[in-house]
Amino acid sequence: MSKQILAGNWKMNLDYAEAKKLVQDLLKLKDKFNKDAEVVICPSPVYIAVFAEILAKEKWIKLGAQNCYFADNGAYTGEVSPVQLKSLEVDYCIVGHSERRDFFNEDYALLAKKTKALLNHGITPIFCCGEQLQVRESNVYREFVMKQIEEALFSLSAEEISKVVIAYEPVWAIGTGKTATAEQAQEIHALIRARVTAKFGEKVGKEISIIYGGSCKPENAKELFAQNDINGGLIGGASLVAKDFCEISNSF
Ligand code: PGA
């Protein structure tokens with residue numbers, strides 16, 4: 001069965017004092033969080049080392065990075081490697097968020113390398129896909145999302161891809177307050193699962209976690225998570241408010 005995952009993508013938000021306060025607020029809500037869902041936070045990389053220490057005894061919140069490079073080390077000024085993340089016990093890393101594809105020109109080949117590098121170092125990639133508004137409106141969004149997945153993930157082995165978390169995030173729903181309806185999201189999630197099943201087999205199709213992102217909040221999480229093929233959420237804005245994030249965890 002697919003694991004239920006709730007990941008908070010803090011993006012480039014919060015100064016250090018605010019970020020530490022948010023972690024403390026989350027920890028205070030420990031008893032209220034859903035124990036059956038894996039809870040992940042992805043803060044700015046400059047906070048990861050300190051948070052790794054704070055969370056060392058609080059294993060129920062996993063740490064994730066928002067990005068990394070594919071090389072282990074070397075002359076790549078400004079980049080962070082999977083080896084460095086692993087040395088801080090980071091368990092997850094977002095790959096190919098639409099903001100990185102759009103603002104930093106990340107392409108399929110790069111995303112495939114990053115995904116593979118993370119898997120090689122035992123870090124779970126949260127691989128993002130999703131179409132822009134004009135792609136949705138021109139009605140080729142299904143093919144568009146399938147291509148994103150095939151190009152970046154289909155050179156992996158069955159064992160490797162079963163460890164990847166796929167996040168479907170329609171770009172038109174990110175940070176806009178405009179959520180995909182549960183039916184719109186389920187349609188793509190089911191397609192992704194079917195495509196992965198056709199390529200890698202039933203077992204992988206059943207086990208892979210496919211989560212939804214894009215203006216997911218306490219008010220709509222229940223309906224989204226009730227869909228057959230939606231195994232959780234990648235949450236931006238609502239993950240910056242401890243009680244909202246906690247409430248979303250109880251929407252499975
Ligand atoms: P949002 O962001 O929840 O603020 O729409 C989601 C994401 O970009 O991962």
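One-based numbering, in listed order, for ligands and for the atoms of each.
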Open item on the list: With heavy-atom distances below 4.0 Å as the criterion, list the atoms of ligand 1 near Asn9.
Closed with: 9 (O)
Open item on the list: Tell me whether Ser215 contacts the main-chain N or O of Ala173 through its side chain, where contact means a donor paired with an acceptor under 3.5 Å.
Closed with: yes
Open item on the list: Quick check on Lys217 - does any of its heavy atoms sit under 4.0 Å from an atom of ligand 1?
Closed with: no
Task: Salt-bridge criterion met for Lys203 and Glu207 (N-O under 4.0 Å) - done: yes
- [ ] Could you verify whether a donor N or O on one side chain and an acceptor N or O on the other, from Asn231 and Gln4, lie under 3.5 Å apart?
- [x] no
Open item on the list: Counting non-hydrogen protein atoms only, what is the nearest one to atom 4 (O) of ligand 1? Give residue, atom name and distance.
Closed with: Gly237 N, 2.9 Å
TODO: Find all atoms of ligand 1 within a distance of less than 4.0 Å from any non-hydrogen atom belonging to Gly175, and give their numbers and elements.
DONE: 1 (P), 4 (O), 5 (O)
- [ ] Determine which pairs satisfy side chain to side chain donor-acceptor pair (under 3.5 Å) with at least one residue from residues 125-138, sequence neighbours left out, and list them in order.
- [x] Glu131-Arg136, Glu131-Tyr168, Glu131-Trp172, Arg136-Tyr168
TODO: Would you please determine whether Ser215 falls within less than 4.0 Å of ligand 1 on a heavy-atom basis?
DONE: yes
Open item on the list: If the cut-off is 4.0 Å to any non-hydrogen atom of Lys11, which atoms of ligand 1 fall inside it?
Closed with: 2 (O), 7 (C), 8 (O)
Open item on the list: Between the side chains of Glu143 and Lys147, is the shortest nitrogen-to-carboxylate-oxygen separation below 4.0 Å, so that they form an ion pair?
Closed with: no
Open item on the list: Can you name the atoms of ligand 1, numbered from 1 with element, that are less than 4.0 Å from a heavy atom of His97?
Closed with: 7 (C), 8 (O), 9 (O)
- [ ] Would you check the N or O atoms of Gly214, main chain and side chain alike, for any that come under 3.5 Å of an N or O of ligand 1?
- [x] no
Open item on the list: Quick check: Glu169 and ligand 1, any N/O pair under 3.5 Å apart?
Closed with: yes
Open item on the list: Using a strict threshold of under 4.0 Å (side-chain N to carboxylate O), is an ion pair present between Lys114 and Glu106?
Closed with: yes
TODO: Please confirm whether Ala167 comes under 4.0 Å of ligand 1, counting heavy atoms of the residue only.
DONE: no
- [ ] For His97 and Glu169, test the side chains for any donor-to-acceptor distance below 3.5 angstrom and give the result as yes or no.
- [x] yes
Open item on the list: Can you confirm, on distance only, whether ligand 1 has an N/O atom lying under 3.5 Å from any N/O atom belonging to Ile174?
Closed with: no
TODO: Do me a favour and list the nearest non-hydrogen protein atom to atom 3 (O) of ligand 1 with residue, atom name and distance?
DONE: Gly236 N, 2.9 Å
Open item on the list: Need the ligand 1 atom indices (1-based, order shown) with element for anything under 4.0 Å from a heavy-atom of Leu234.
Closed with: 6 (C), 9 (O)
- [ ] Mark up the atoms of ligand 1 that fall under 4.0 Å of a heavy atom belonging to Ala173, in ascending order.
- [x] 5 (O)
Task: NZ/NE/NH1/NH2 to OD/OE distance under 4.0 Å, Glu187 and Arg142 - done: yes
- [ ] For the pair Phe33 and Phe245, name the ring-plane relationship: parallel under 30°, tilted 30 to 60°, perpendicular over 60°.
- [x] perpendicular
